[in-house]
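Worth knowing before you read on, the calculation uses all heavy atoms, side chains too, and leaves out hydrogens, waters and symmetry mates.
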Amino acid sequence: MEASHSLLSSSSSCLPLPSRSRIPLRSLPGSNLSKALSFSRSVEFSSSSSLRFGDSWDRRGGRLPSVKASARSALSADPMASVDPTVSPRVSSVKPSKTMAITDQATALVQSGVPVIGLAAGEPDFDTPAAISEAGINAIRQGYTRYTPNAGTLELRKAICHKFQEENGLSYAPDQILVSNGAKQSIMQAVLAVCSPGDEVIIPAPYWVSYPEMARLADAAPVIISTNISENFLLKPEALASKLNEKSRLLILCSPSNPTGSVYPKELLEEIADIVRKHPRLLVLSDEIYEHIIYPPAKHTSFASLPGMWERTLTVNGFSKAFAMTGWRLGYLACPKHFVAACGKIQSQSTSGASSISQKAGLAALGLGYAGGEAVSTMVRAFQERRDFLVKSFRELEGAKISEPQGAFYLFVDFSSYYGAEVEGFGIIKDSESLCRFLLDKAQVALVPGDAFGDDKCIRISYAASLSTLQAAVGKIKEAMILLKPPIPVS
């Protein structure tokens, strides 16, 4: 069931093709990958653009500021010169997803012939279980290809209600479920539905890259609470209490966590619930997309199952991670009816309902048995084997600090002891981004810098890749790290 390879090659399909054209990297002078990568970003342009290599373009005015007046006059005939290219300040405040950007960059290198190992994407390397795929295929063959109700088909919403009751001890009715085009859409709609301008969204760091940007899109202010690797990156109740005020509207919790793999024990969630209970305006968005990818003895607890929390919790889950269905785009929200109705209004005026074919596949996924049955258990066992290998490997690496993941498929490694090291021909390793550039250059391994997740000390390594690929990647990383000597003693 495991994919035969995750080592990217020029014919690889492991990473999505970038949507924008780039100058081929193989045509660039020199062999320094990080310079080539920087160059590729600087010459990136829309495939519909008339720009050519060497052109200079001012996006604000559609002008070439260094040309002579006669050239400016010639440009006035260009339709772009009379178009106002500004975008909404709301959109301007949002940062692009660094994980997707790095995936695109790695793909560009692969297309130029560089054998990059991609450990940046948060996507299982397994095929969708056969029974699920067959359900989707049958839906097409049987003509189940039309619009569904905006909230999702009744049969799927009933199946989701059954899942919540059986696996989480939660009782929902079908009109308290909203099926969407992926859990990301479910989260975005929930944030938009409950937050008003000036509200605060409480986000423990490290966090999934999109949470703060979603808050900004809702004209709310993200309030970041840092956590410590020594405490497994778990939110301390007293830290939460110190940040709450009358503007606090939404607390976002993710367990198991992306990017750390941390799992909140029930006892800690109960302490957090005690604090939430004291603030009438405060709601909780519980992102449980990695629920089934969890390693014993850790156990998953749904926040809504705690006393008094059902009424104020918006629970998000989906099919992408546990069922290896990332491309099917199917997620769901469960919460009190008035919140579901609000989110449903947003969905009805944007995407409308999720794919009819994907919903038939999701129904089959929920029919595999408790927690996904043997199909999901097989994948989880492989993830745990990979986790164990990476934990052992990086514990052997001088200067690296780790918190052993209890779920998901990420390792969040603290490499900050190497910051300040200088490498001949590269420069100074000053932060997580420069370290990732160094590892891409010297080890040809694509990783995600921790600053994208709110913790610049760390780097995220995805182990959604075969064990052989991870072994090759670790070997390359260790060889590259020999060039660095931790300037800071590690206690």
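- Enclosure of atom CD in Glu396 by more than 12 non-hydrogen atoms of other residues, nucleotides or ligands within 6.0 angstrom is indicated.
- A salt bridge between Asp199 and Lys247 is absent, with no side-chain N of the basic residue lying under 4.0 Å from a carboxylate O of the acidic one.
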(message) Go through it in stages, so that I can follow the logic: the residues are Phe409 and Tyr295, the test is ring pair (Phe, Tyr, Trp, His ring centres under 6.0 Å), and I'd like the CA-CA distance, side-chain angles, deciding distance and then a yes or no.
(response) CA-CA 10 Å; Phe409 39 72; Tyr295 314 120; 9.5 Å; no
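- Heavy-atom neighbours of Lys430 NZ from other residues, nucleotides or ligands within 6.0 Å: at or below the threshold of 12.
- In this structure, Tyr419 contributes its side chain and Leu435 its backbone to no donor-acceptor pair below 3.5 Å.
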(message) Walk me through whether Lys392 and Glu404 qualify under salt bridge (Lys or Arg N to Asp or Glu O under 4.0 Å).
(response) CA-CA 10 Å; Lys392 180 178 183 295; Glu404 183 172 305; over 6 Å; no
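- Side chain of Ser226 to main chain of Ala205: no donor-acceptor pair is present (N/O by atom type, distance under 3.5 Å, no hydrogens or angles).
- Contacts classified as ring-ring contact (aromatic ring centres under 6.0 Å, His included) and involving residues 200-229 (residues at least two apart or in different chains) are given here: Trp208-Tyr211.
- Among residue pairs with one or both ends in residues 347-363, those qualifying as salt bridge (Lys or Arg N to Asp or Glu O under 4.0 Å) are Glu155-Lys360; sequence neighbours excluded.
- Counted by atom type alone, Ser348 and Asn150 present zero donor-acceptor pairs between their side chains at under 3.5 Å.
- Of the possible donor and acceptor atoms, none in the side chain of Arg216 sits under 3.5 Å from a partner among the backbone N and O of Arg90.
- Nearest heavy atom pair, residue Gly152 against residue Arg157, reads O-NE, 2.9 Å.
- Formation of a donor-acceptor pair under 3.5 Å by the Ser462 side chain with backbone atoms of Ala121 is found in this model.
- Taken to the nearest 0.5 Å, the OG atom of Ser242 stands 7.5 Å off from the CG atom of Leu244.
- Within the 4.5 Å cutoff, no side-chain heavy atoms of Leu251 are placed close to those of Leu283.
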(request) Give the C-alpha distance, both sets of side-chain angles, the deciding distance and a yes or no for ring pair (Phe, Tyr, Trp, His ring centres under 6.0 Å) between Phe319 and Tyr332. (result) CA-CA 9 Å; Phe319 298 85; Tyr332 54 89; 5.7 Å; yes
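- Here Ser171 contributes atom OG and Phe164 contributes atom CZ; the two are 11.5 Å apart, rounded to the nearest 0.5 Å.
- With no hydrogens or angles considered, a side-chain donor-acceptor pair links Glu291 and Asn168 at under 3.5 Å.
- Ring to ring, Tyr410 and Tyr290 are close: their centroids are under 6.0 angstrom apart.
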(request) Given side-chain hydrogen bond (donor to acceptor under 3.5 Å, both in side chains), test Ser403 with Asn232 step by step and report yes or no. (result) CA-CA 6 Å; Ser403 169; Asn232 298 319; 2.9 Å; yes
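- When only modelled atom types and interatomic distance are considered, Ser355 and Trp328 share no side-chain donor-acceptor pair under 3.5 Å.
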(request) Apply the test side-chain contact (heavy atoms from CB on, under 4.5 Å) to residues Asn317 and Lys163: give CA-CA distance (whole Å), side-chain angles for both, the deciding distance (0.1 Å), then the verdict. (result) CA-CA 11 Å; Asn317 210 321; Lys163 171 258 186 286; 4.2 Å; yes
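- Glu385 has its side chain out of reach of Asp388: every pair of non-hydrogen atoms, C-beta onward, lies at least 4.5 Å apart.
- Remark: the backbone N or O of Asp451 is paired with a side-chain donor or acceptor of Ser432 at under 3.5 angstrom.
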(message) Run the ring pair (Phe, Tyr, Trp, His ring centres under 6.0 Å) test on Trp310 and Tyr172 for me, step by step, so that the C-alpha distance in whole Å, both residues' side-chain angles and the decisive distance to 0.1 Å come before the verdict.
(response) CA-CA 10 Å; Trp310 186 95; Tyr172 291 102; 5.5 Å; yes
(request) Decide yes or no on side-chain hydrogen bond (donor to acceptor under 3.5 Å, both in side chains) for Thr227 and Glu231, but give the supporting numbers first. (result) CA-CA 7 Å; Thr227 62; Glu231 296 169 333; over 6 Å; no
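- Salt bridge Arg386/Asp125: present, at least one basic N to carboxylate O contact under 4.0 Å.
- Using a 4.5 Å cut-off on side-chain heavy atoms (C-beta onward), Val380 and Ile294 make no contact.
- Ion pair Lys243/Glu200 not flagged as a salt bridge, since none of the NZ, NE, NH1 or NH2 atoms sits closer than 4.0 Å to an Asp/Glu carboxylate oxygen.
- The salt bridge (charged side-chain N to carboxylate O under 4.0 Å, His left out) search around Glu238 returns Lys236, not counting sequence neighbours.
- Across every non-hydrogen atom of Ala443 and Ala480, the tightest pair is CB-CB, 4.0 Å.
- Expressed to the nearest 0.5 Å, how far CD1 of Ile160 lies from OG1 of Thr315 amounts to 12.0 Å.
- Residues Glu167 and His300 bring no donor and acceptor atom of their side chains to less than 3.5 Å of each other.
- Ion pairing of Lys266 with Glu271 is absent here, as no side-chain N (NZ or NE/NH1/NH2) approaches a carboxylate O to less than 4.0 Å.
- Donor-acceptor pairing under 3.5 Å is lacking for the side chains of Asn258 and Lys321.
- Between the CD1 atom of Ile459 and the CZ atom of Phe394 there is a distance of 9.0 Å, given to the nearest 0.5 Å.
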(request) I would like to know whether Ser302 and Glu288 meet side-chain hydrogen bond (donor to acceptor under 3.5 Å, both in side chains); could you show each step before the answer? (result) CA-CA 8 Å; Ser302 285; Glu288 303 181 7; 2.8 Å; yes
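- Residues Leu363 and Ala159 approach most closely at CD1-CB, 3.6 Å, considering heavy atoms.
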(request) Please report the C-alpha distance between Thr378 and Arg381 in whole Å, then the side-chain angles of each, then the deciding distance to 0.1 Å, and finally whether the side-chain contact (heavy atoms from CB on, under 4.5 Å) criterion is met. (result) CA-CA 5 Å; Thr378 299; Arg381 286 194 293 270; 3.3 Å; yes
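- Remark: the backbone N or O of Lys95 is paired with a side-chain donor or acceptor of Glu213 at under 3.5 angstrom.
- Under 3.5 Å, the side chains of Ser257 and Ser255 contain no donor-acceptor pair of N or O atoms.
- Side-chain polar atoms of Ser262 and Gln406 form no donor-acceptor pair below 3.5 angstrom.
- Inter-residue side-chain proximity for Ile132 and Leu368 is flagged as met; some heavy-atom pair is nearer than 4.5 Å.
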(request) For side-chain hydrogen bond (donor to acceptor under 3.5 Å, both in side chains), just list the numbers for Ser416 and Asp414, CA-CA rounded to whole Å, side-chain angles, deciding distance to a tenth of an Å, and then say yes or no. (result) CA-CA 6 Å; Ser416 60; Asp414 183 338; 2.7 Å; yes
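- At distances below 3.5 Å, at least one donor-acceptor pair connects side-chain atoms of Gln347 with backbone N or O atoms of Val179.
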(message) side-chain contact (heavy atoms from CB on, under 4.5 Å), that's the test. Do Phe339 and Leu333 meet it? Break it down for me.
(response) CA-CA 10 Å; Phe339 291 136; Leu333 169 73; 5.8 Å; no
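- Between atom CD1 of residue Ile272 and atom CG of residue Leu253 there is a gap of 5.5 Å, rounded to the nearest 0.5 Å.
- Atom CZ of residue Phe415 and atom NZ of residue Lys457 lie 15.0 Å apart, to the nearest 0.5 angstrom.
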(request) Quick one: do Ile289 and Val316 satisfy side-chain contact (heavy atoms from CB on, under 4.5 Å)? Show the steps, please. (result) CA-CA 7 Å; Ile289 190 67; Val316 172; over 6 Å; no
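- Between Leu250 and Leu282, every side-chain heavy-atom pair lies at or beyond the 4.5 Å cut-off.
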